[in-house]
Amino acid sequence: MKVGVFDSGLGGLTVLNAIIKNLKGADIFYIADTLYAPYGDKSKEEIFSRSEKIANYLLKNYEIDALVIACNTATSVAIKHLREVFPSLIIIGTEPGIKPAINNTKTGNIGILATASTLKGEKYQLLANELITKNEVKLHEQACIGLVEQIENGEINSLKTYTMLETWLKPMLHKKVDTIVLGCTHYPLVKKTILDIVGEDVLLIDTGDAIAKRVVTLSQDLQNKNKNALNIEILYTGKINSDMVKIILGKNKFEMRKCEL
Ligand code: DGL
């Protein structure tokens, strides 16, 4: 099986890590669209165009069987459009884990950290509205402007990143938030800092494992033999912090190269 995965940058590697833990015997082509990162402040048209170009590139060059949008922003804004443009391609998206958060919360107050585009996107709006009308919960949404850039720069533990997070998270604690949805695939990379601020009693939810499970089910459907090593290629369109890539992917073997797109 050949799987394409993409994000604006490093964030989708948190999803890739979950896929690596669960899947075997497949070729994975990851595109970090760093030339256009962050997606969070881009227009709908720009995100449509980048997602479409990436899907085309992966189909033409690697004949992928499935595409994982390892990005909440591109999913929220463009998954419907991509499915219309590529009707025969299997597309798996990434959505903020509001449902598991509802199952966990005791106070009924859930924090949602995401990019401004995700929160404004049609897909997120539909999901959030449907769930709050069916459940007695309050969603405390926060667009984390600038956080993706901090992470792309490798500033995982810097004082500036800590202060930004503290400004967003302290008000959530005052509102009795006990569950926080990490609605951007970059944010698990600052999980430790978030927990330092909110304390270990607050549950942080990300959806990497859920996406990995869907990819494994798909591989079974496609009769992929789930054994032997994965072949992983990391492609990037602009600059990339390769030290961060190595840190995130740990001991996993991968090839890395720039691609023009
Ligand atoms: N990692 C992405 C997401 O899940 C992209 C964020 C961005 O580029 O602004 O939303």
Side-chain angles (χ1 to χ4, degrees), residues 7-15 17 32-42 47 70-74 76-77 94-98 100-101 104-105 107-121 124 128 137-208 238-250:
D7 179 40
S8 62
L10 302 171
L13 295 176
T14 61
V15 177
N17 260 343
D33 193 16
T34 50
L35 194 58
Y36 288 82
Y39 280 178
D41 60 9
K42 299 290 178 294
I47 298 175
C71 174
N72 293 262
T73 308
S76 181
V77 177
T94 307
E95 278 186 289
I98 310 177
N104 177 69
T105 184
T107 63
N109 286 290
I110 296 169
I112 314 274
L113 304 178
T115 67
S117 300
T118 296
L119 297 174
K120 274 191 284 180
Y124 172 83
V137 291
K138 236 180 159 182
L139 303 183
H140 303 273
E141 294 163 350
Q142 178 64 56
C144 302
I145 313 286
L147 185 55
V148 165
E149 288 92 323
Q150 289 295 105
I151 296 169
E152 287 291 319
N153 289 336
E155 290 203 39
I156 300 292
N157 297 312
S158 77
L159 181 61
K160 186 172 169 203
T161 303
Y162 186 96
T163 311
M164 285 165 89
L165 282 165
E166 198 178 38
T167 314
W168 299 318
L169 294 168
K170 279 271 156 80
M172 287 191 178
L173 291 178
H174 291 137
K175 288 171 187 151
K176 307 257 179 304
V177 163
D178 64 351
T179 310
I180 296 179
V181 176
L182 304 181
C184 167
T185 54
H186 279 74
Y187 303 167
L189 298 169
V190 286
K191 203 168 178 172
K192 199 182 156 293
T193 309
I194 295 176
L195 284 175
D196 282 349
I197 298 165
V198 298
E200 300 280 339
D201 291 341
V202 174
L203 183 73
L204 306 185
I205 293 187
D206 75 78
T207 45
K239 284 189 187 143
I240 196 157
N241 187 330
S242 42
D243 289 340
M244 281 290 291
V245 177
K246 283 178 203 143
I247 292 169
I248 299 166
L249 293 182

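One-based numbering along the sequence shown.
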Participant: In sequence, state the C-alpha distance, the side-chain angles, and the governing distance for T34 and E152, and then conclude on side-chain contact (heavy atoms from CB on, under 4.5 Å).
Facilitator: CA-CA 9 Å; T34 50; E152 287 291 319; 4.0 Å; yes
Participant: Working to the nearest 0.5 Å, report the span between CD1 of I110 and NZ of K175.
Facilitator: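 Between I110 CD1 and K175 NZ, I get 14.5 Å after rounding to 0.5 Å.
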Participant: Would you please name every residue forming a salt bridge (Lys or Arg N to Asp or Glu O under 4.0 Å) with D196, sequence neighbours left out?
Facilitator: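 D196 satisfies salt bridge (Lys or Arg N to Asp or Glu O under 4.0 Å) with K192 once adjacent residues are dropped.
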Participant: Just verifying a value: how many Å separate S8 OG and L35 CG, rounded to the nearest 0.5 Å?
Facilitator: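 That separation rounds to 12.0 Å.
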Participant: Is there a donor-acceptor contact under 3.5 Å from the side chain of T161 to the main chain of I156?
Facilitator: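 It does not hold such a pair.
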Participant: Could you verify whether a donor N or O on one side chain and an acceptor N or O on the other, from N72 and Y124, lie under 3.5 Å apart?
Facilitator: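 The answer is no; no qualifying pair exists.
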Participant: Does any non-hydrogen side-chain atom of L165 lie less than 4.5 Å from one of I194?
Facilitator: yes
Participant: Indicate the atoms forming the closest heavy-atom contact of G111 with M172, along with that distance.
Facilitator: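 Taking G111 first and M172 second, the nearest heavy atoms are CA-SD, 3.8 Å.
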Participant: Between L169 and I180, is the side-chain contact (heavy atoms from CB on, under 4.5 Å) condition met? List the steps.
Facilitator: CA-CA 9 Å; L169 294 168; I180 296 179; 3.8 Å; yes
Participant: If the condition is side-chain hydrogen bond (donor to acceptor under 3.5 Å, both in side chains), which residues does D178 pass it with, not counting sequence neighbours?
Facilitator: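 T105, T107.
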Participant: What closest approach, in Å, do A114 and G183 show between heavy atoms, and which atom pair accounts for it?
Facilitator: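 Residues A114 and G183, closest heavy atoms: CB-O, 3.6 Å.
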Participant: Please report the shortest heavy-atom distance between C184 and V148, naming the atom on each side.
Facilitator: SG-CG2, 3.9 Å
Participant: Could you give the distance from NE2 (H186) to CG (L113), rounded to the nearest 0.5 Å?
Facilitator: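 Here the rounded value is 14.5 Å.
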Participant: For Y187, which residues count as a side-chain hydrogen bond (donor to acceptor under 3.5 Å, both in side chains) partner, sequence neighbours excluded?
Facilitator: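 Not a single residue meets the side-chain hydrogen bond (donor to acceptor under 3.5 Å, both in side chains) criterion with Y187.
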Participant: Stepwise, does the side-chain contact (heavy atoms from CB on, under 4.5 Å) test hold for S117 with K42?
Facilitator: CA-CA 8 Å; S117 300; K42 299 290 178 294; 5.9 Å; no
Participant: Measure from the side-chain N and O atoms of N109 to the backbone N and O of H140, and report whether any donor-acceptor pair falls under 3.5 Å.
Facilitator: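 Not a single qualifying donor-acceptor pair exists.
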Participant: N157: what forms a side-chain hydrogen bond (donor to acceptor under 3.5 Å, both in side chains) with it, not counting sequence neighbours?
Facilitator: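 Scan of N157 (side-chain hydrogen bond (donor to acceptor under 3.5 Å, both in side chains), adjacent residues dropped) gives none.
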Participant: If you look at every heavy atom in L119 and A143, which pair is closest and at what distance?
Facilitator: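 Looking at all heavy atoms of both residues, the closest pair is CD1-N, 3.7 Å.
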Participant: Considering all heavy atoms of both residues, which atom of E149 and which atom of P38 are nearest to each other, and what is their separation?
Facilitator: OE2-CG, 3.5 Å
Participant: Which heavy-atom pair separates D7 from C71 by the least distance, and what is that distance?
Facilitator: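 In this case the closest contact between D7 and C71 is OD1-CB, 3.1 Å.
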Participant: Can you measure from CG (L189) to CG (L182) and round to the nearest 0.5 angstrom?
Facilitator: 10.0 Å
Participant: Please table the atom pairs, donor to acceptor, closer than 3.5 Å between any side-chain atom in residues 200-207 and protein atoms at least two apart or in another chain.
Facilitator:
{"residue": "D206", "atom": "OD1", "partner": "G208", "partner atom": "N", "Å": "3.1"}

Participant: Could you walk me through whether L10 and I240 satisfy the side-chain contact (heavy atoms from CB on, under 4.5 Å) test, starting with their C-alpha distance in whole Å, then the side-chain angles of each, then the deciding distance to 0.1 Å, before giving a yes or no?
Facilitator: CA-CA 8 Å; L10 302 171; I240 196 157; 4.1 Å; yes
Participant: Which residues pass the side-chain hydrogen bond (donor to acceptor under 3.5 Å, both in side chains) test with T73, not counting sequence neighbours?
Facilitator: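 By the side-chain hydrogen bond (donor to acceptor under 3.5 Å, both in side chains) rule, T73 matches T115, T118.
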